[in-house]
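Worksheet: the structure to be examined is printed underneath.
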Amino acid sequence: MSSAVHPDDVVDVTVLGAGPAGLAAAYYAGHRHASVRIVESLGEAGGQLVALYPEKQMGDVAGFPSVVARELASSLVEQGLQFRPDLSLGEEAVSMESVELDGEELIRLGTDAGNTYLSRSLIVTTGHGAFSPRKLPLEGIDKWEGKGLHYAVREKVSFAGMRCLIVGGGDSALDWLLGLAEIAEPPIVLVHRRNRFRAHESSLAKARALEEEGKARIMTPCEVREIHGADQIEAVTIENTSTGEREQVACEALITLLGFSSHLGAVAEWGLERFGRRQLLVDPATMRTSRSRIYAAGDVAGYEGKITLITIALAEAAMAANNAVAEIRHEKAQPEYSSE
Ligand SMILES: Cc1cc2nc3c(=O)[nH]c(=O)nc-3n(C[C@H](O)[C@H](O)[C@H](O)COP(=O)(O)OP(=O)(O)OC[C@H]3O[C@@H](n4cnc5c(N)ncnc54)[C@H](O)[C@@H]3O)c2cc1C
């Protein structure tokens with residue numbers, strides 16, 4: 001599908017980030033007959049759903065009793081690109097400034113690919129910005145990347161028949177213990193440094209049931225002390241921090257799910273008022289940031305009581321798009337139904 005918008009065009013709305021919020025914003029702006037450009041730093045649209053947890057089974061997205069993240073992302077992409085916005089993938093926005101052209105106030109976005117894009121409004125939907133996984137505090141840990149060390153489960157099937165060891169105590173660790181238990185070589189091992197988990201009770205109960213069946217082994221309070229192998233990971237040494245006992249556990253896939261650290265990146269330098277370290281302050285009634293014509297939605301948008309969920313991101317995107325389009329047209333924001 002080719003775009004209706006030419007890369008050189010001044011568009012009504014630039015959407016920065018093609019996660020759930022960005023795709024929804026592109027849809028709602030397009031639905032109001034606005035011209036839209038999306039700029040996304042990754043090579044694929046879908047945001048955290050495709051980058052971090054493509055195979056996660058989700059149950060809390062409104063309208064979907066159960067959906068795999070990758071499938072939800074592809075529906076969001078299909079809907080978000082419906083009005084044929086210009087989509088620039090693999091380009092990270094690094095600068096933003098206001099400029100005047102032929103008496104019109106515009107926003108100029110600069111990317112790391114050396115492109116500049118002009119628009120009448122901007123909707124920032126950059127989520128958590130650039131991600132980096134928290135790593136095990138072991139010297140030389142990076143050298144195991146690509147040799148059996150994983151920071152995410154991208155394709156479940158690639159772990160079929162493998163001896164897997166997961167490190168972590170949150171929802172991701174428990175979700176993947178349950179998700180991989182059926183296909184990994186049993187028992188799949190879970191290592192957590194505390195006895196208590198920060199995960200849903202129901203996931204923990206399922207994990208304990210797997211342990212009783214001999215399909216899982218849960219090691220607490222334990223930490224990974226050493227990784228062994230030549231070209232590939234073959235085993236890790238685990239220490240029980242309460243007894244000091246050490247044990248070498250065979251493993252081909254070491255999956256560390258310790259969360260991600262993130263930062264706003266270049267967006268933090270654009271003079272927009274912040275809400276904490278990681279978010280832009282918005283008015284929750286309109287999703288406008290501290291500057292006119294610049295809106296934010298999704299995880300990057302902050303206000304008191306904010307909940308970072310997809311359902312919320314989609315609602316905020318609808319508000320941001322409606323208000324951005326109304327502002328550049330000097331109109332009052334009104335809802336418009338797709339059935340019209
Ligand atoms: C492991 C995990 C499980 C989750 N499970 C659930 C769940 O079950 N249910 C639920 O509702 N929520 C869940 N979430 C939260 C949910 O994924 C987020 O709330 C949602 O992705 C937010 O969407 P977004 O569009 O705001 O941001 P994102 O999905 O983060 O998308 C932002 C996009 O912007 C791009 N970007 C960032 N900076 C730039 C830049 N400078 N230039 C260009 N592009 C840029 C990024 O590459 C990314 O594609 C989970 C999150 C994680 C980490």
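In each ligand, atom 1 is the first atom listed, and ligand 1 is the first ligand listed. In this chain, numbering begins with 1 at the start of the sequence shown.
Under a 4.0 Å criterion applied to the non-hydrogen atoms of L309, ligand 1 contributes the atoms 10 (C), 11 (O), 12 (N), 19 (O). Of all atoms in ligand 1, listed by their number and element, those nearer than 4.0 Å to a heavy atom of G47 are 29 (O), 31 (O), 48 (C), 49 (O). Ligand 1 places these atoms under 4.0 Å from at least one heavy atom of V39: 43 (C), 44 (N). Distances below 4.0 Å separate heavy atoms of T308 from the following atoms of ligand 1: 19 (O). Numbered from 1 in the order shown, with element, the atoms of ligand 1 that lie under 4.0 Å from a heavy atom of L42 read 47 (O), 49 (O). Of all the atoms in ligand 1, the ones that sit under 4.0 Å from a non-hydrogen atom of L52 are 53 (C). Per-residue contacts place L16 under 4.0 angstrom from the following atoms of ligand 1 (heavy atoms of the residue considered): 42 (N), 43 (C).
For T125, the closest heavy-atom approach to ligand 1 falls below 4.0 Å. Ligand 1 has at least one atom lying under 4.0 Å from a heavy atom of S172. Under a 4.0 angstrom heavy-atom cut-off, A266 registers as lying outside contact with ligand 1.
A salt bridge does not link E213 to R208: none of the charged side-chain nitrogens sits closer than 4.0 Å to a carboxylate oxygen.
Ligand 1 has no nitrogen or oxygen under 3.5 angstrom from a nitrogen or oxygen of M58. Considering backbone and side-chain atoms together, G46 places no N or O closer than 3.5 Å to any N or O of ligand 1.
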